[in-house]
K.L.:
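I have a structure here, written as structure tokens, and I will follow up with some questions on it.
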Number of protein chains: 2
Amino acid sequence: MLKHKHDHDACIENALEAAQKICEERETRFTPLRRRVLELVWSKHEPITAYEVLDLLSDGKKRVAPPTVYRALDFLIEEGFVHRIESLNSFVGCSDPAHKHQGHFMICTKCSNVTEMNERSLHDVIKKAAESNGYSYENSILEIAGICENCRN
Amino acid sequence: MLKHKHDHDACIENALEAAQKICEERETRFTPLRRRVLELVWSKHEPITAYEVLDLLSDGKKRVAPPTVYRALDFLIEEGFVHRIESLNSFVGCSDPAHKHQGHFMICTKCSNVTEMNERSLHDVIKKAAESNGYSYENSILEIAGICENCRN
DNA sequence: AGTGCCTTGATATTCTATAACAATCAGGGC
DNA sequence: GCCCTGATTGTTATAGAATATCAAGGCACT
Ligand SMILES: [Zn+2]
Ligand SMILES: [Zn+2]
Ligand SMILES: [Zn+2]
Ligand SMILES: [Zn+2]
């Protein structure tokens, strides 16, 4: 999971292939633009802002406009390939795109690395807390700030 | 806790007095501007944006500038009188300013009412989850979207 | 009065996101 | 092929949220 411990090119490739396959199943359109934006989101392997994506997308002559990026991101989020990190106004690739879900994250305040937690038990606790306070549960964002194992050593 | 069930003027008054007292204890300055901004945040009793505060603050002739509002909000957040709701770019008065803490919220998607949960157990579960994933815990934001009891009836 | 520090004012700018409308592209029926 | 339709992308403009920077004012201490 940690950046220096994996082959990141393969990591990106996997994410793209998974997305491709899921879109075929759902009959949604994984267009070149959407594919490219997903690739750029994964390329950083840290939360990336929409405008960073925009800059990367605009190499050379033609500069793309914000709606182009935001629309692609909207699609990717809708399909569950990307999550938005509210506290950073940033986006990050989902580690488990096959199952639609709301992501819960830990964010390292030193290295900005983000880890997605897909823990059923935590999800259940949050849902229960809402219900015990009289709310029906729709979804939740959880973003924990802390320092990752690497950075503490 | 629900809007229609309490005397909201008293609610505001309590918040202002509590803040005043806490600032005296801490020897921080609860200036007229900061007091007024806190009053405006409470006045809505729903998340309020910085620019809404700005508009309310600018009654009549002189229009205040954004930094005036943001600086006051920064102070109020720092002191723990106000929380920021990340998913709404909004601010809300804290229900328990005496004890500094990170707020955990439920947000009604129908009426926009927000309820602050100060549940030790939930906080502990979140902290544990972070630690079991190798992160030290600094703080966390939890914002649950759902429908409140009122709106379901 | 003079100094230093905190607070507020004022101007400009940056960063984030969306509205509105035009152009293009893909697929289905003819 | 050609038209129709809906989805996608391009383009321009604008809205919304937050900060950088420097000037002015207020307060406490000497
Ligand atoms: Zn995910
Ligand atoms: Zn780290
Ligand atoms: Zn609180
Ligand atoms: Zn409600």
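Chain letters run A, B, ... following the sequence lines, proteins first, then strands; residues in each count from 1.
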K.L.:
How close do B:Gly93 and B:Val41 get, heavy atom to heavy atom, and via which atoms?
P.N.:
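Shortest heavy-atom contact: N-CG1, 3.5 Å.
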K.L.:
Measuring to OP1 and OP2 of C:dT7, would you say a side-chain N or O of B:Arg71 lies under 4.0 angstrom away?
P.N.:
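No, no such contact exists.
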K.L.:
Mind checking whether A:Arg29 and A:Arg34 have side chains closer than 4.5 Å, heavy atoms only?
P.N.:
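Touching, per the 4.5 Å side-chain cut-off.
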K.L.:
If you take any heavy atom closer than 4.0 Å to DNA chain D, which residues from residues 81-89 of chain B end up in contact?
P.N.:
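Only B:Arg84, B:Asn89 qualify.
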K.L.:
Below 4.5 Å, heavy atoms only, C-beta onward: do A:His101 and A:Cys94 meet side chain to side chain?
P.N.:
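A:His101 vs A:Cys94: side chains touch.
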K.L.:
Minimum heavy-atom separation for A:Ala65 and A:Leu54, please, with both atom names.
P.N.:
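For A:Ala65 and A:Leu54, the tightest heavy-atom pair comes out as C-CD1, 4.1 Å.
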K.L.:
Between C:dG27 atom C1' and A:Arg29 atom CZ, what is the distance in whole Å?
P.N.:
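A:Arg29 atom CZ is separated from C:dG27 atom C1' by 9 Å.
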K.L.:
Taking N and O atoms by type only, does the side chain of A:Tyr70 place a donor or acceptor under 3.5 Å from a partner on the base of C:dA19?
P.N.:
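Checked by distance alone, the answer is no.
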K.L.:
Going through the distances and angles, do B:His104 and B:Ser140 end up as a side-chain hydrogen bond (donor to acceptor under 3.5 Å, both in side chains)?
P.N.:
CA-CA 8 Å; B:His104 291 160; B:Ser140 62; 3.1 Å; yes
K.L.:
Round to a whole Å and report the spacing from CZ of A:Arg34 to P of C:dA26.
P.N.:
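Rounded to the whole Å, the gap is 13 Å.
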K.L.:
In whole angstrom, what separates A:Leu33's CG from C:dA23's P?
P.N.:
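It is 20 Å, rounded to the nearest whole Å.
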K.L.:
Indicate yes or no: at least one non-hydrogen side-chain atom of A:Thr49 is less than 4.5 angstrom from one of A:Asn89.
P.N.:
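No, too far: nothing below the 4.5 Å cut-off.
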K.L.:
Can you name the nearest heavy-atom pair linking B:Pro47 to B:Leu88, along with the distance?
P.N.:
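Of all heavy-atom pairs spanning B:Pro47 and B:Leu88, the closest is CG-CD1, 3.9 Å.
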K.L.:
Starting at the 5' end of DNA chain D and moving along, which residue's nearest nucleotide shows up first, A:Ala72 or A:Ala65?
P.N.:
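Comparing both residues, the 5'-ward one is A:Ala72.
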K.L.:
Before you tell me yes or no, could you show the steps for B:Leu56 and B:Lys44 under side chain to side chain contact (heavy atoms under 4.5 Å, CB included), namely the whole-Å CA-CA distance, both residues' side-chain angles and the distance that decides it to 0.1 Å?
P.N.:
CA-CA 11 Å; B:Leu56 292 171; B:Lys44 200 171 167 208; over 6 Å; no
K.L.:
Please state how far atom CD in A:Glu27 lies from atom C1' in C:dG28, giving the value in whole angstrom units.
P.N.:
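Rounding to the nearest Å, CD of A:Glu27 and C1' of C:dG28 are 14 Å apart.
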K.L.:
What integer distance in Å separates B:Tyr51:OH from C:dA17:C1'?
P.N.:
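The distance from OH of B:Tyr51 to C1' of C:dA17 comes to 14 Å, rounded to the nearest Å.
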K.L.:
Give the rounded distance in Å between these two atoms: CG of A:Leu73 and C1' of C:dA17.
P.N.:
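A:Leu73 atom CG is separated from C:dA17 atom C1' by 11 Å.
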K.L.:
Looking at B:Arg36 and B:Glu39, is any side-chain nitrogen of the basic one under 4.0 Å from a carboxylate oxygen of the acidic one?
P.N.:
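Judged by the 4.0 Å cut-off on N to carboxylate O distance, B:Glu39 and B:Arg36 do form a salt bridge.
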K.L.:
Send over the distance from A:Asp55 CG to C:dT14 P, rounded to a whole Å.
P.N.:
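After rounding, the reported distance stands at 14 Å.
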K.L.:
Would you kindly compare B:Pro66 and B:Thr31 by the position of their nearest DNA chain C nucleotide and give the one closer to the 5′ end?
P.N.:
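Taking each residue's closest nucleotide, the earlier one in sequence belongs to B:Thr31.
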K.L.:
Quick check for you: name the first and last nucleotides of DNA chain D, 5' to 3', having an atom under 4.0 Å from a heavy atom of chain A.
P.N.:
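With heavy atoms of chain A under 4.0 Å away, the range is D:dT8 to D:dT12.
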